[in-house]
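Notes to accompany the following structure.
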Amino acid sequence: MPAVSKGDGMRGLAVFISDIRNCKSKEAEIKRINKELANIRSKFKGDKALDGYSKKKYVCKLLFIFLLGHDIDFGHMEAVNLLSSNKYTEKQIGYLFISVLVNSNSELIRLINNAIKNDLASRNPTFMCLALHCIANVGSREMGEAFAADIPRILVAGDSMDSVKQSAALCLLRLYKASPDLVPMGEWTARVVHLLNDQHMGVVTAAVSLITCLCKKNPDDFKTCISLAVSRLSRIVSSASTDLQDYTYYFVPAPWLSVKLLRLLQCYPPPEDAAVKGRLVECLETVLNKAQEPPKSKKVQHSNAKNAILFETISLIIHYDSEPNLLVRACNQLGQFLQHRETNLRYLALESMCTLASSEFSHEAVKTHIDTVINALKTERDVSVRQRAADLLYAMCDRSNAKQIVSEMLRYLETADYAIREEIVLKVAILAEKYAVDYSWYVDTILNLIRIAGDYVSEEVWYRVLQIVTNRDDVQGYAAKTVFEALQAPACHENMVKVGGYILGEFGNLIAGDPRSSPPVQFSLLHSKFHLCSVATRALLLSTYIKFINLFPETKATIQAVLRAGSQLRNADVELQQRAVEYLTLSSVASTDVLATVLEEMPPFPERESSILAKLKRKKGPGAGSALDDGRRDPSSNDINGGVEPTPSTVSTPSPSADLLGLRAAPPPAAPPASAGAGNLLVDVFDGPAAQLSLGPTPEEAFLSELEPPAPESPMALLADPAPAADPGPEDIGPPIPEADELLNKFVCKNNGVLFENQLLQIGVKSEFRQNLGRMYLFYGNKTSVQFQNFSPTVVHPGDLQTQLAVQTKRVAAQVDGGAQVQQVLNIECLRDFLTPPLLSVRFRYGGAPQAFTLKLPVTINKFFQPTEMAAQDFFQRWKQLSLPQQEAQKIFKANHPMDAEVTKAKLLGFGSALLDNVDPNPENFVGAGIIQTKALQVGCLLRLEPNAQAQMYRLTLRTSKEPVSRHLCELLAQQF
């Protein structure tokens, strides 16, 4: 509301406002308002020659009355008439009234559009700004259709004033958000990018907001903004607070613009141009350096602005995930905030470190703060901060610290807030399963979970422990003994009774030799809990009783008496009644041999991935973590516990960072006979696709899944349930996206991560390879709130690749809901050596518009490496045998990354070869050996990498028995350094 001044002179408005404020009651206020409304209505109807000043005054009064909460049903036409005035104050009030009171579907929109059109054509910057503000405030589709083509021209016109450009950019942004299809992409898009070089910082700020929004849907049209954004950011970061006085906020130069530029850069992968990338890295280092400097002011505004830039910088570093030094520095900087007195900073630091923990470069640095995080879990007053601390402990957990973290989370669970107890239970169960080094510890952990927080232990958790105990002979006796002891507690949770009933029914004979756990004692202990349990649990216990008759014939009479009791045979619940009748008849009629056959011990469950992850995903929702729950690889684990097997989830995950925490669902397996019915007890016990590939070399290490190598007569033994899809020919798809090679190179030395991401879609990859076989899981995450239609990802074999590589795919759903994720399984067989990766063509419709792009699937020849250990003498003998010129490929190249021996070692191991110690006379050099396994033949490979730290150079030499393989492997590996 414009201030009333002597110059403006709306005395009548000032008097009316004063009268309203002086009213003693609500009734008096309404009476005064009604009197004024009657007066205004009579003026509008009676005096046809009302001057502009009077119209303005009465329209202002109507606006004030509306803001007090009263309905206004007249005066709209008079406000529209004010738009044609040449006086700024009258036009301003007209636009203000329209912006606040006119509905987007009003019949007056056309008249308003004509007035706006006249003001936009007037070239009067003040009037143009008023018109643009009105368009943005109303934002109706009709207005968008009328002006969507005009506003971009105003924005890029050379004679437009800075204030007009600023308003035009923000107005176009508003229209685009309301109706993206109305804003046409054209030649103006290239010109709007150059607004990043504008001298006026307000124009640059508005332009960055517009480009950030536009590039999310049309990234290629705005790719040139990267270098300009880096250049502008560099000038801001390196400037002193006195250089940008008008845009310096508490000694921080242009903080809002800096944050917007950093967010814009997160829409794209790292710059390809080395100079631009170097300048950007320098900017990021400068921001991290400034964070270490003493504050220039003690005001909270100074620290807020400074920290806003710092956290956005760290987000960009995490997004790129390609600069180990910056990632470690970012982690150290966040570590300083973990003990900051400001709660919000501690929260943000924990949240950012959760993402850093998933990076292979910064995971170890994050682990150094474990004690601080555990302390935060115990002492933080704010429940949201404690929850972030629990998330971080979950993210930083690996084999080296699993017992400590699980122990602390169990201890915290006893006093945890009820709102997060179920989530803590799921995380403890996942960590215990994933990083268990012995099965007794795993069983103890799950039983402790049930004891501490039984109400929050879901069926997925205790189903899982039953599967693992059933499948492992060496833990069955321990599990039976432990659960028997747990059932002796006076207050025993029903979930403990379920677990005890199943385990004792299957393996109670293993502890029956001890008089303290003899068969009658076991039965009495279980039956003492029977009447306190729900119908489902009693049904399971009846199955246990009939199992006891087979295991312990001496208990037959006692159990038959229980089954024969009227409370069972005439039970109101039909399931319990049926079980009692059938089990009683079975035990009475069947011979011992038949009974033993029917009630024999349950066979091992098919190895399936845990469904606890799916439960956590549904519970966690948008905060489920990074793109793949374990994009990093735990060097010490070698995935022997199966890792985190991704599965699709259809829960809503609107957050762009939400990740692809590997979750999946599959058709349920057959239910165990002993527990059918009763709400389908133990049906769909472990949902997930059939057994995954495991890289674990020994049975002891294969805790979750371990498959034997495929038999020679069945080379596709691991490729279960193939569903071949008809591939379109290469001519039917477009060329790979420009950054396809760069994305492919990221996966040469790793198997898990995010393959592709834009504003609409995220594609994650998790893959495993053994000999000449492989299985790859692709995860397609819809990052929007709009359903994808006709979703069709297809694998294409360019050239002769189909004779070299067999890829069988499973179809995915044609619709992908907003925020949902679907999984596609690829089964791969290497037939013979190949040089070109297969292509992944993704097509779908988003908002009616077709979307299509092609990627290179991360399947390279080195994925089929079999590491080979050999002594120095054997290595040099083989090296000399491969001495023909065509068998050797050598490349001398400059290091593109810091030369770190541990990082180099990790990359060579990830490449697939075995590293041989004490072979090369120079201990600084790396020597490796391996065999590429194909169906047709085996290709031996020897490599030698000679780093020169002083010259920042490498010399890489590869020798194989096939010339094309030597050259191709040399090119692939050289790009990693």
Side-chain angles (χ1 to χ4, degrees), residues 638 695 697 709-710 712 715 745 748-749 769-774 800-801 803-805 828-837 859-893 895 899 901 904-948 951 953-977:
N638 197 25
L695 302 181
N745 287 336
V748 170
C749 294
F769 297 87
R770 176 188 290 173
Q771 297 185 13
N772 69 315
L773 301 177
D800 297 330
L801 185 61
T803 64
Q804 303 162 348
L805 194 72
I828 305 163
E829 182 181 18
C830 182
L831 305 176
R832 58 191 180 89
D833 55 282
F834 62 97
L835 305 180
T836 308
V859 181
T860 48
I861 188 67
N862 66 293
K863 298 297 183 184
F864 303 98
F865 246 131
Q866 185 79 25
T868 304
E869 296 289 343
M870 58 175 63
Q873 181 179 355
D874 297 332
F875 177 86
F876 286 116
Q877 181 180 354
R878 181 62 178 155
W879 184 266
K880 290 176 182 177
Q881 291 172 354
L882 298 173
S883 58
L884 295 177
Q886 64 268 27
Q887 293 177 327
E888 179 179 285
Q890 188 175 88
K891 188 167 185 178
I892 300 174
F893 54 95
M899 299 180 71
T904 302
K905 185 177 179 180
K907 287 183 176 180
L908 290 172
L909 290 171
F911 191 68
S913 67
L915 284 182
L916 309 180
D917 296 327
N918 304 319
V919 172
D920 197 294
N922 185 349
E924 301 296 323
N925 295 345
F926 297 90
V927 174
I931 299 173
I932 293 176
Q933 303 278 351
T934 74
K935 184 178 181 181
L937 76 162
Q938 296 181 340
V939 181
C941 174
L942 304 177
L943 69 86
R944 186 186 190 197
L945 181 67
E946 302 168 82
N948 185 335
M953 301 281 288
Y954 287 100
R955 179 166 66 182
L956 174 63
T957 309
L958 273 109
R959 292 186 179 182
T960 74
S961 53
K962 294 198 71 173
E963 177 186 4
V965 176
S966 299
R967 285 188 280 104
H968 185 55
L969 288 176
C970 189
E971 288 295 330
L972 281 177
L973 188 54
Q975 291 169 357
Q976 303 305 308
F977 301 102

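Sequence positions, counted from 1, serve as the residue numbers for this chain. When reading the values below, keep in mind they use all heavy atoms of this one structure, side chains included, and skip hydrogens, waters and symmetry mates. From a predicted model like this one, the values you see are computed outputs, not experimental measurements.
From Leu943, atom CG reaches atom OG of Ser913 across 4.5 Å, with rounding to the nearest 0.5 Å. The CZ atom of Phe911 lies 5.5 Å from the CG atom of Leu972; values are rounded to the nearest 0.5 Å. Here the CD atom belonging to Glu888 is positioned 9.0 Å from the SG atom belonging to Cys970, to the nearest 0.5 angstrom. Residue Leu973 holds its CG atom at 6.0 Å from CG of Leu908, rounded to the nearest 0.5 Å. For the atom pair NZ (Lys863) and CG (Leu805), the distance works out to 13.0 Å, reported to the nearest 0.5 Å. Distance check, rounded to the nearest 0.5 Å: CE of Met870 to CD of Gln877 gives 9.5 Å.
With sequence neighbours excluded, the residues forming a side-chain contact (heavy atoms from CB on, under 4.5 Å) with Asn925 are Asp920, Asn922, Arg944, Glu946, Pro947, listed by chain and number. Shown here are the side-chain contact (heavy atoms from CB on, under 4.5 Å) partners of Pro964, two or more places apart in sequence or in another chain: Leu835, Lys962, Arg967. Take Thr836 and apply the side-chain hydrogen bond (donor to acceptor under 3.5 Å, both in side chains) test, not counting sequence neighbours, and it matches no residue.
With Gln933 as the fixed residue, the side chain to side chain donor-acceptor pair (under 3.5 Å) test singles out one of Arg770, Gln771, Gln938: Gln938. When Val939, Ile932, Leu942 are each tested for a side-chain contact (heavy atoms from CB on, under 4.5 Å) with Thr960, only one passes: Val939.
Side-chain contact between Leu831 and Thr803 is absent, with no heavy atoms from C-beta onward closer than 4.5 Å. The side-chain heavy atoms of Ile828 and Phe864, taken from C-beta on, include a pair separated by under 4.5 Å. Counting heavy atoms from C-beta outward, Trp879 and Val919 have side chains that stay 4.5 Å or more apart. Side-chain contact between Arg959 and Gln881 is absent, with no heavy-atom pair separated by less than 4.5 Å. In this structure the side chain of Leu773 reaches within 4.5 angstrom of the side chain of Glu829, judged on heavy atoms.
Here the closest non-hydrogen pair linking Ala974 and Lys891 is CB-CD, 3.9 Å. Contact between Glu869 and Leu915 at its shortest, heavy atoms only, is OE1-O, 4.2 Å. The two residues Met899 and Ala895 come nearest to each other via the heavy atoms CG-CB, 3.8 Å.
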Residue pair Asp833, Gln804: steps toward the side-chain contact (heavy atoms from CB on, under 4.5 Å) verdict: CA-CA 6 Å; Asp833 55 282; Gln804 303 162 348; over 6 Å; no
Output, in order, the C-alpha distance, side-chain angles, deciding distance and verdict of side-chain contact (heavy atoms from CB on, under 4.5 Å) for Gln975 and Val748. CA-CA 9 Å; Gln975 291 169 357; Val748 170; 5.7 Å; no
Run the side-chain contact (heavy atoms from CB on, under 4.5 Å) test on Asn862 and Leu969 for me, step by step, so that the C-alpha distance in whole Å, both residues' side-chain angles and the decisive distance to 0.1 Å come before the verdict. CA-CA 7 Å; Asn862 66 293; Leu969 288 176; 4.0 Å; yes
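With Thr868 contributing its side chain and Ala929 its backbone, the two residues share no donor-acceptor pair below 3.5 Å.
Crowding of Gln886 atom CD: a count of heavy atoms from other residues, nucleotides or ligands under 6.0 Å exceeding 12.
Ring pair Phe977/Tyr954 is tilted by interplanar angle, where 30° to 60° counts as tilted.
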